[in-house]
Amino acid sequence: MEKGKQTIIFDKKPYIIGTYSIVGPMEAKGPYGQYFDHTIEKPEWDEPSFEKAECKMHRHSIIHAIEKTGLDESDIDAIISGDLLNQIISSSYSVREFDSVYLGLYSACSTIAETLIIGSLLLSGGHYQHVACVTSSHFCSAERQYRFPLELGTPRTPLSQWTVTGAGCLILADKGSGPRITMATLGKVIDYKINDVNNMGAAMAPAAAHTILTHFKETGRTPIYYDAIITGDLGKFGSQLLNLLLKDENLDITSRHFDCGSEIYGDDKRKFQGGSGAGCSTVMFNSYFYNKLKNKEINRVLFVPTGALMSKISSLQGESIPAIAQAVVVENLE
Amino acid sequence: MIEKQAYAELVSKNAPKSKHFSSILRAFIIGGIICCIGQGFFDLFSACFPYLLKDDISSIVTLTMIFLGALLTGVGIYDDIGNFSGAGSIVPITGFANSIVAPAMEFKKEGIVLGICAKMFVIAGPIIVLGIFSATLVGILYWIF
């Protein structure tokens with residue numbers, strides 16, 4: 001591999017043998033509600049706190065993803081997961097009951113891409129046979145950590161996004177059938193000095209543009225190679241900015257671009273820019289896109305989850321928002 | 001890729017803006033209704049307790065409005081009102097009650113002392129601090145001149 005090159009091609013291309021998605025009531029009411037595997041009726045999900053509910057969703061998605069693939073829990077060699085809460089408690093606490101090695105990751109809303117890349121490397125290197133990649137987010141737990149108490153009567157700004165309540169798990173395997181992860185373009189931390197924490201789409205759009213441009217430059221591919229280019233949670237305004245930035249570089253992806261955040265709630269005006277969160281891109285990929293890939297309705301996708309890497313402390317100290325985007329190529333190979 | 005300065009301009013040029021006129025109108029209407037309710041209680045208490053002084057009735061009205069703000073927060077309605085009216089329901093004393101009750105409810109799960117008691121003033125705290133500070137400042141100026 002060339003030094004400094006961001007794109008890696010996996011020697012043994014891992015199979016995504018099964019996925020599972022679980023969402024909250026708001027997400028189920030959206031236009032993609034029918035594709036999700038399970039919906040919880042109340043955000044608390046019979047738990048004493050929202051954090052515990054998120055943890056339960058995380059655990060539930062792992063158990064049921066394994067079940068869907070017909071494997072046994074003991075077959076899973078490693079669980080790689082992450083979420084948005086401080087010290088990624090949803091992830092770490094939910095894997096207590098499993099007898100697999102564990103890697104906890106944080107890359108904000110792009111965490112799922114990181115789990116897929118590391119999982120693919122472990123499988124491609126021949127170290128493991130089955131790896132579970134998981135992420136989750138929960139509107140109520142994220143809101144109290146990043147913003148205000150839920151019952152506080154403040155209006156949301158038109159640039160705001162709504163953290164998706166959802167968890168998803170993908171089971172990767174070295175053998176089997178299904179779509180395969182063929183390559184990945186790792187992202188760099190890009191900071192275009194956006195300070196407004198409500199405007200995460202604007203903070204993340206340059207990171208997404210950078211990774212997408214690098215991907216096409218290094219692989220020599222063009223957007224028409226892909227049936228869909230799926231970004232994570234740029235939101236409606238962020239997607240608009242991404243397309244403007246790419247047009248500036250003479251790259252047009254508009255006909256293939258799909259942003260999970262923009263679409264998950266449809267045209268619900270109360271959600272403003274749409275959804276966000278570590279669970280957003282995961283549940284959309286695991287349900288709608290995975291089904292399409294499995295049925296061969298689409299065969300090649302570029303999955304680019306995006307993450308805004310600020311914390312409440314860094315924002316209060318006047319820091320701007322650094323962002324990252326990681327691209328994963330999922331293809332049906334003959 | 002684009003320069004940071006040019007990107008900042010691109011963002012501010014294209015960003016969706018808050019609808020100021022409708023925000024102000026909604027704040028005016030809901031804020032006005034809250035004030036009318038307060039005035040209604042004032043008239044009611046004045047009629048019921050004619051022997052009370054005007055200042056005492058004002059205090060009872062304030063207490064009633066704080067109670068209503070807290071109650072509506074507790075039953076989960078005040079955040080919807082606030083989401084619609086913005087400053088219209090933040091500025092009156094009911095909004096102050098909301099800013100104390102909302103975190104108290106939210107942090108109940110972290111315990112009574114370090115949860116409710118410690119976090120109760122996380123939003124109202126700055127208002128109280130600045131209120132006392134500016135009152136002291138004005139008091140000193142009043143005393144000097």
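These figures come from a predicted structure and were not determined experimentally. So that the names make sense, note that chain A is the first sequence line, chain B the second, and so on, each numbered from 1.
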Would you find more than 12 non-hydrogen atoms of other residues, nucleotides or ligands less than 6.0 Å from Phe272(A) atom CZ?
yes

Is it the case that over 12 heavy atoms from other parts of the model lie below 6.0 angstrom from the CG atom of Leu316(A)?
yes

Considering non-hydrogen atoms only, spot the tightest contact between Ile90(B) and Pro155(A) and give its length.
CD1-CD, 4.2 Å

Lys108(B) side, atom NZ; Ser49(A) side, atom OG - distance, nearest 0.5 Å:
12.0 Å

Crowding at NZ, Lys312(A) (>12 non-hydrogen neighbours, <6.0 Å):
yes

When only pairs under 4.5 Å are counted, which of Thr157(A), Asp248(A), Leu241(A) shares the most heavy-atom pairs with chain B?
Leu241(A)

Do other residues, nucleotides or ligands put more than 12 heavy atoms under 6.0 Å from Leu130(B) CG?
yes

Side chain / backbone / both / neither for Asp196(A) at chain B, heavy atoms under 4.5 Å:
neither

Heavy-atom pair with the smallest gap, counting every atom of Glu249(A) and Met1(B)
OE2-CA, 3.3 Å

What heavy-atom pair brings Glu110(B) and Arg144(A) nearest, and what distance separates the two atoms?
OE1-NH2, 2.8 Å

Sort Phe84(B) into side chain, backbone, both or neither according to what part of it lies under 4.5 angstrom from a heavy atom of chain A.
neither

At a heavy-atom separation under 4.5 Å, does Ala8(B) approach chain A through its side chain, its backbone, both, or neither?
neither

Would you name the heavy atoms of Gln273(A) and Pro16(B) that are closest together and state the gap between them?
NE2-CG, 3.5 Å

Value for CD1 (Ile2(B)) from CG (Leu244(A)), rounded to nearest 0.5 Å, stands at 8.5 Å

Would you say CZ of Phe148(A) has more than 12 non-hydrogen atoms from neighbouring residues, nucleotides or ligands within 6.0 angstrom?
no

Flag yes if more than 12 heavy atoms outside Lys56(A) fall under 6.0 Å of its NZ atom; otherwise flag no.
yes

Under the 6.0 Å and 45° cation-pi test, does Lys109(B) pair with Phe50(A)?
yes

Which atoms of Leu150(A) come close to chain B, meaning under 4.5 Å heavy atom to heavy atom: side chain ones, backbone ones, both, or neither?
both

Pick one of side chain, backbone, both or neither for Lys17(B), based on which atoms fall under 4.5 Å of a heavy atom in chain A.
backbone

Please check this pair: side chain of Arg156(A) against backbone of Asn83(B), looking for a donor-acceptor N/O pair closer than 3.5 Å.
no

Could you report the tightest heavy-atom contact between Ala102(B) and Glu151(A), atom names first, then the distance?
CB-C, 3.7 Å

Heavy-atom pairs under 4.5 Å with chain B - which of Ala205(A), Ala209(A), Ala202(A) has more of them than the others?
Ala202(A)

Scanning both residues in full, the closest heavy-atom pair of Leu152(A) with Asp79(B) reads O-CB, 3.8 Å

Check for a donor-acceptor pair, side chain of Tyr192(A) on one end and backbone N or O of Glu3(B) on the other, with a separation under 3.5 Å.
no

